[in-house]
Amino acid sequence: MKAKIVLLVAVVALLAAGGAWWWQQQRARPPGDALLLHGNVDIRQVELAFNASGRIEQVLVHEGDRVAQGQLLAVLDMRRLERAVQLAEAQVNAQREVVARFRAGSRPEEISKAKADVEAARVDAMNAAHTYERLKALAAQRFIAEQQADDARAAAQAASARLKSADEALRLVVLGPRKEDTAAAEATLSANEAALAIAQRDLAEASLHAPVAGVIENRVLEPGDMASPQKTVFTLALGEPLWVRAYVPGPDLGKIRVGSRATVRTDSYPGKRYRAWVGFISPTAEFTPKSVETQEVRTQLVYQVRVFVCAPQGELRLGMPASVDIPLGEPPPAGGRGPDPCTNGA
């Protein structure tokens, strides 16, 4: 009697296990009017690197950290770049003073001095001319030697030339700097300002910020490492958009459209279905990837499909196997794309 009871319990347990397995299979199987696709969860990744070269001084985040857009992630040694900015600023300030001097022209004091120089030269020229006339008359009467008259004439001519030179100097002072000199000074200032902008840009690029929100997937470099634009510092996994890369056989290609509604399920969360929609259908065929299990032979031609998933809980991970159920018989989406179920709550 005891053996019969044990046997009966074993049979009941076996039937219960078989029923649970059958129920799971039926639950996982799409309805007859739905298309079943298999694929893997996919997200976009960004390789982050400094746009400047230098030694890394600080790394502020770790693998698995969730970062916001614009968050500071790492910093280079900035001492050399800060000195370069200071040098460029000093050159710009000095050249600005040069340009200001050219644009302001001559000061009133400079013009007054030039006028005084002209007046002094005029007095000297008049005195030299009178001296020459007197000595010339004396030389004609042979009271003095001819040489003295010749020296007086040369002195008068030199004084006249100095007067002319003083007049020209006064005219130049009144006119102010040449336009060409002002333009050259302004061009030098523009070059210095451009050099300052480059130095400031280099200093700003010594700080690495997150371009978008996401999760740090890989931390490649550490403090003390040399960074350059060619070296990845972090790999950033983007939380959105999130999609399943699946493959549809050629005979079933005409059953779906961009915008078609779908549901996604995974083995990790067997009782959960995620709302989704078809966002991309490849225009070219390819052989089924080895990593994808389908109900058809692997050598058949398939078309890649991206099914975008609404999964704000962060439960779906990169590379996770997933199944996609696409209901058939729904009207095609208007305009080639239906509403996004992630935004309208449908």
Side-chain angles (χ1 to χ4, degrees), residues 27-31 33-48 63-64 66 211-218 232 234-328 330 332-333 336-343 346:
R27 184 179 178 85
R29 184 177 302 167
D33 58 347
L35 179 64
L36 173 62
L37 304 179
H38 298 279
N40 298 88
V41 176
D42 203 356
I43 59 176
R44 288 192 173 94
Q45 295 173 295
V46 181
E47 302 292 332
L48 301 181
E63 293 174 339
R66 186 172 296 276
V212 293
V215 177
I216 300 298
E217 185 175 356
N218 293 314
T232 299
F234 301 102
T235 301
L236 180 66
L238 308 186
E240 294 181 359
L242 181 72
W243 69 86
V244 174
R245 178 178 293 159
Y247 298 86
V248 57
D252 294 329
L253 185 62
K255 299 178 182 179
I256 61 175
R257 299 286 188 276
V258 173
S260 297
R261 299 181 185 275
T263 57
V264 172
R265 48 193 169 85
T266 65
D267 295 336
S268 300
Y269 302 94
K272 198 163 189 178
R273 291 175 177 265
Y274 304 92
R275 291 179 293 119
W277 55 281
V278 178
F280 169 78
I281 301 175
S282 174
T284 58
E286 58 184 290
F287 287 105
T288 307
K290 294 297 182 181
S291 61
V292 177
E293 296 182 4
T294 64
Q295 297 173 345
E296 306 294 336
V297 293
R298 290 186 180 276
T299 56
Q300 73 177 3
L301 290 175
V302 293
Y303 293 81
Q304 183 188 140
V305 176
R306 289 184 182 179
V307 180
F308 290 85
V309 187
C310 310
Q313 302 89 346
E315 296 172 345
L316 303 185
R317 305 291 180 176
L318 176 64
M320 179 183 290
S323 299
V324 180
D325 299 321
I326 303 177
L328 303 179
E330 292 188 355
R337 174 172 174 172
D340 181 357
C342 297
T343 58

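Position 1 is the first residue of the sequence, and the numbers go up from there.
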Return the set of residues passing side-chain contact (heavy atoms from CB on, under 4.5 Å) with Arg317 (not counting sequence neighbours), or none when no residue passes.
-> Met320

The single option from Ile326, Asp325, Val309 passing side-chain contact (heavy atoms from CB on, under 4.5 Å) against Thr263 = Asp325

Let me see the working for Val212 and Leu236 under side-chain contact (heavy atoms from CB on, under 4.5 Å), right down to the final yes or no.
-> CA-CA 9 Å; Val212 293; Leu236 180 66; 4.2 Å; yes

Shortest non-hydrogen contact from Pro211 to Leu48?
-> CD-CD2, 3.6 Å

CG-OG1 distance between Asn218 and Thr232, expressed to the nearest 0.5 angstrom = 9.5 Å

Can you see which heavy atom on Glu217 is nearest to which on Ala237, and at what distance?
-> OE1-CB, 3.8 Å

So how far is it from Leu328 CG to Lys255 NZ, rounded to the nearest 0.5 Å?
-> 6.0 Å

Carefully, step by step, assess Tyr269 and Tyr274 under the rule side-chain contact (heavy atoms from CB on, under 4.5 Å).
-> CA-CA 10 Å; Tyr269 302 94; Tyr274 304 92; 3.6 Å; yes

Of the non-hydrogen atoms in Val258 and Gly279, which two are nearest, and what is the gap between them?
-> CG1-O, 3.9 Å

Taken to the nearest 0.5 Å, the spacing of Glu63 CD from Ile216 CD1 works out to 9.0 Å

Could you tell me whether the side chain of Arg273 and the main chain of Pro270 form a donor-acceptor pair under 3.5 Å?
-> no

Shortest non-hydrogen contact between Ala322 and Val264, atoms and distance | CB-CG1, 4.0 Å

Distance col, row Thr266:OG1 vs Asn40:CG, nearest 0.5 angstrom, shows 11.5 Å

Report yes if the side chains of Leu316 and Val244 come closer than 4.5 Å at any heavy-atom pair, otherwise no.
-> no

Interatomic distance, CG@Asp42 vs CZ@Phe308, rounded to 0.5 Å, equals 9.5 Å

How about Pro241 and Arg44: do any of their side-chain heavy atoms sit closer than 4.5 Å?
-> yes

Answer yes or no: is there a side-chain heavy-atom contact under 4.5 Å between Gln304 and Tyr247?
-> yes

Euclidean distance, Ile43 CD1 relative to Leu238 CG, rounded to 0.5 Å = 7.0 Å

Looking only at heavy atoms, the pair that brings Ile281 and Arg257 closest together is CD1-C, 4.0 Å

Write down the atom of Val248, the atom of Ile256, and the distance for their closest heavy-atom approach.
-> CG1-CD1, 4.3 Å

